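Remember, it's 1-based here, ligands and their atoms both numbered in the order they're listed. Here the structure is a predicted model, which means the values were calculated and not measured.
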Amino acid sequence: MDCIFCKIIKGEIPSTKIFENENVYAFNDINPKAPVHILVIHKKHTKDINDTNSENAHIFSDLFLAVKDISEKQNIVEQGYRIIINNGKGAGQEVFHTHLHILSNETGLGPLLAKSE
Ligand code: AMP
């Protein structure tokens, strides 16, 4: 499958690994939008939230359990962190392998969205 995140999981494309277990892989975003910007992906490929069904819904519990672990290891629980999922082209999704962005900054992240015109 021609998916860059599947290639990252397989080690065919390099990445800075932050976390890995049998289900989940997490790595630094190549174009960070905050001092902490980590992408969390499942080893099972789905393209977005709308690919979820009763068989693969565990993907999200696996991802969020990994977020909990990562946030503790990265020491960002106290300062807080934001989870973003861009779902679909119109929402800014560029890579069609379901992923969570973890963003954190000790001086804060600002408003949820930039004001649109
Ligand atoms: P999204 O726009 O939600 O699909 O997010 C895709 C993210 O993947 C962007 O923030 C990119 O900077 C990031 N990205 C794309 N290619 C790579 C890569 N090879 N290594 C790390 N991050 C990447």
Return a table of donor-acceptor pairs under 3.5 angstrom between the side chains of residues 99-106 and protein atoms on other chains or two or more places apart.
unit_1	atom_1	unit_2	atom_2	d
H99	ND1	H97	O	2.7
H101	ND1	H37	NE2	2.8
S104	OG	Q79	NE2	2.8
S104	OG	G80	O	2.7
N105	OD1	T107	N	3.2
N105	OD1	T107	OG1	3.2
N105	ND2	T107	OG1	3.3
N105	ND2	G108	O	3.2

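Checked for salt-bridge contact, E22 and K43 miss the test: no charged N lies under 4.0 Å from a carboxylate O.
Atom CZ of F27 and atom CD1 of I9 lie 8.0 Å apart (nearest 0.5 Å). Rounding to the nearest 0.5 Å gives a distance of 4.0 Å between CD1 of I85 and CD1 of I49. In this structure, OG1 in T46 is found 12.0 Å from CZ in F96, a value given to the nearest 0.5 Å.
The 4.0 Å heavy-atom shell around ligand 1 contains residues I4, F5, I8, F27, N28, D29, I30, N31, L39, N86, G92, Q93, E94, V95, H99, H101, ordered by chain and number.
Side-chain contact of N56 with D51: a donor-acceptor pair under 3.5 Å is absent, judged by distance alone.
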